[in-house]
Amino acid sequence: MSTTLDTTPSDDLGVPAARRRSAELERSIRERPGRFRALTGDRPTGRLHLGHYFGTLHNRVRLQNLGVDMMVLIADYQVLTDRDVADRLTDHVEDLVLDYLAAGIDPDRATIFTHSAIPALNQLLLPFLSLVSVAELGRNPTVKDEIAHSRQSAVSGLMFTYPVHQAADILFCKAGLVPVGQDQLPHLEVARIIARRFNNRYGGTSAPVFPEPEALLSAAPLLLGTDGAKMSKSRGNAVDLAATADETARLIRGAKTDADRHITYDPVARPEVSSLVLLAALCLDRDPHEVAGEIGGRGAAALKATVTEAVNERFAPIRARRAELAGDRAHVRRVLRDGNERATVIADATLGEVRAAMNSLY
Ligand code: TRP
């Protein structure tokens with residue numbers, strides 16, 4: 001949808017180039033989807049919300065259905081960097097699996113795994129750490145940002161090195177594609193640099209061990225939370241994928257709007273109203289200007305009624321599927337076990353190549 005670009009300014013250096021490259025990649029994917037492996041991941045911090053759904057989940061399912069080999073990572077080590085979730089980690093991990101399955105990730109075609117369960121993936125961290133300097137890690141803008149927003153009193157070594165761990169997440173399976181939002185581009189750059197340096201240092205004359213992964217930027221729409229700020233679980237302003245129809249109605253009813261009764265779609269001047277319009281439009285697969293035009297002078301109450309109905313209709317099947325799956329925890333655990341087994345085979349093979357390239361096969 002071209003309209004979703006309204007809310008994604010790309011004034012950052014490098015972003016326009018990444019966008020052009022992503023458009024090229026999309027064409028190659030459509031021609032030969034089977035050539036591509038993509039890796040995406042989430043930290044297990046709780047249930048996913050509609051921002052996640054329209055921002056990334058939906059795109060993962062699309063790529064999977066096109067025939068791309070999808071690796072879906074649950075970053076259960078990385079999550080230790082940003083908040084204290086250790087005591088509820090199992091619940092969070094299972095919630096993520098349920099959200100994935102309900103949204104349409106198919107465990108027969110995609111590999112859902114937790115990185116803590118893949119020893120060989122984690123072992124890659126050591127040679128990779130030798131390829132980056134402390135100064136480079138300190139300059140990483142996403143790390144700086146995470147540190148600034150972290151609620152922890154001291155920066156842990158894990159926090160400081162997590163882009164390198166993230167490189168291991170991507171490179172262990174030689175993913176060529178990493179569907180990301182703009183904010184993750186610096187991390188991807190770390191993975192690309194590590195791949196290049198590893199190949200240069202240890203490659204000799206043979207074929208490079210690691211392909212350089214590429215970002216697949218999505219034109220992800222920016223959905224705001226019900227208070228007009230970024231949608232996030234910790235702010236309590238998010239509609240969960242798993243919310244009931246009543247919870248959805250209550251959250252939308254309480255959403256912030258503005259004093260202008262006439263509903264329009266103008267993300268810059270009217271962020272709160274426009275985000276509601278966008279949410280309805282995404283659920284209905286329609287143009288937000290049209291949706292706003294139809295509501296027109298009927299005001300915020302009519303807008304909210306439209307949004308609630310659109311969300312509840314669009315997500316009814318997904319929510320029903322999720323509720324059914326939630327009754328079968330054994331299935332959820334089986335999906336993870338199978339995914340972890342598949343990821344382990346891949347990681348072992350890559351680590352074998354890495355050790356051979358480094359002359360450390362004993
Ligand atoms: N950093 C990502 C997040 O904030 C999660 C993640 C971990 C990831 N490893 C990754 C994303 C590798 C892409 C590739 O949610």
Side-chain angles (χ1 to χ4, degrees), residues 18 22 36-49 51-53 55-57 59-60 63 68-83 85 89 92-93 95-97 99-100 105 110-118 121-122 124-125 128 137 140-152 156 158-195 210-218 220 230-234 238 339-340 343 346-347 350:
S22 294
F36 292 92
R37 171 173 282 166
L39 181 122
T40 63
D42 299 288
R43 300 176 198 196
T45 56
R47 295 177 169 187
L48 298 180
H49 52 62
H52 295 122
Y53 182 81
T56 102
L57 263 187
N59 191 37
R60 295 179 197 178
L63 291 169
V68 171
D69 180 9
M70 286 297 300
M71 304 291 293
V72 184
L73 158 76
I74 298 177
D76 60 339
Y77 272 154
Q78 189 178 106
V79 78
L80 303 177
T81 59
D82 58 355
R83 43 203 108 163
V85 292
L89 207 48
H92 289 331
V93 168
D95 269 331
L96 266 188
V97 176
D99 284 335
Y100 293 155
I105 300 281
T111 303
I112 302 174
F113 68 103
T114 48
H115 59 185
S116 74
I118 322 296
L121 181 163
N122 291 292
L124 291 177
L125 186 60
F128 287 0
L137 289 173
N140 185 295
T142 313
V143 171
K144 280 205 230 162
D145 195 54
E146 298 265 353
I147 288 172
H149 289 98
S150 113
R151 278 172 262 168
Q152 289 168 356
S156 69
L158 185 62
M159 170 74 95
F160 202 63
T161 55
Y162 91 76
V164 184
H165 194 225
Q166 191 151 319
D169 290 339
I170 297 167
L171 296 177
F172 94 91
C173 64
K174 303 186 180 181
L177 290 179
V178 186
V180 285
Q182 230 167 273
D183 61 315
Q184 297 278 315
L185 284 178
H187 283 344
L188 195 64
E189 200 46 40
V190 176
R192 290 168 60 82
I193 288 170
I194 288 174
F210 293 111
E212 279 183 42
E214 297 197 85
L216 187 67
L217 281 179
S218 55
K230 184 176 152 64
M231 196 183 274
S232 96
K233 340 181 207 243
S234 54
N340 283 340
I346 296 171
T350 303

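Index from 1, following the sequence. Both ligands and their constituent atoms are indexed starting at 1 by order of listing.
- Distance from atom 14 (C) of ligand 1 to its nearest protein heavy atom, with residue and atom name: Leu39 CD2, 3.5 Å.
- Not a single heavy atom of His165 lies less than 4.0 angstrom from ligand 1.
- Every atom of ligand 1 with a heavy atom of Ala75 under 4.0 Å away is listed here by number and element: 7 (C).
- With a 4.5 Å cut-off on side-chain heavy atoms, Val143 and Pro163 count as touching.
- Screening Asp76, Ile112, Leu48 for a side chain to side chain contact (heavy atoms under 4.5 Å, CB included) involving Leu96 leaves a single residue, Leu48.
- Counting only distance, with no hydrogens or angles, the side chain of Arg37 and the backbone of Cys173 share a donor-acceptor pair below 3.5 Å.
- Here the heavy atom of the protein found nearest to atom 1 (N) of ligand 1 is Gln78 OE1, 2.8 Å.
- Between Arg43 and ligand 1, an N or O atom pair is found at a separation short of 3.5 Å.
- Between Val180 and His187, every side-chain heavy-atom pair lies at or beyond the 4.5 Å cut-off.
- Using cut-offs of 30° and 60° on the angle between ring planes, the pair His115 and Tyr77 is tilted.
- Looking only at heavy atoms of the protein, atom 6 (C) of ligand 1 is closest to Gln166 OE1, 3.7 Å.
- The shortest distance between side-chain heavy atoms of Asn122 and Phe172 does not fall below 4.5 Å.
- Looking from atom 9 (N) of ligand 1 to the surrounding protein, the closest heavy atom is Asp169 OD2, 2.8 Å.
- Contact analysis puts Leu73 in contact with ligand 1, with a non-hydrogen atom separation below 4.0 angstrom.
- Every N/O-N/O distance between Tyr162 and ligand 1 stays at or above 3.5 Å.
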Problem - Candidate pair Phe128 and His165, rule ring-ring contact (aromatic ring centres under 6.0 Å, His included), full reasoning - result: CA-CA 8 Å; Phe128 287 0; His165 194 225; over 10 Å; no
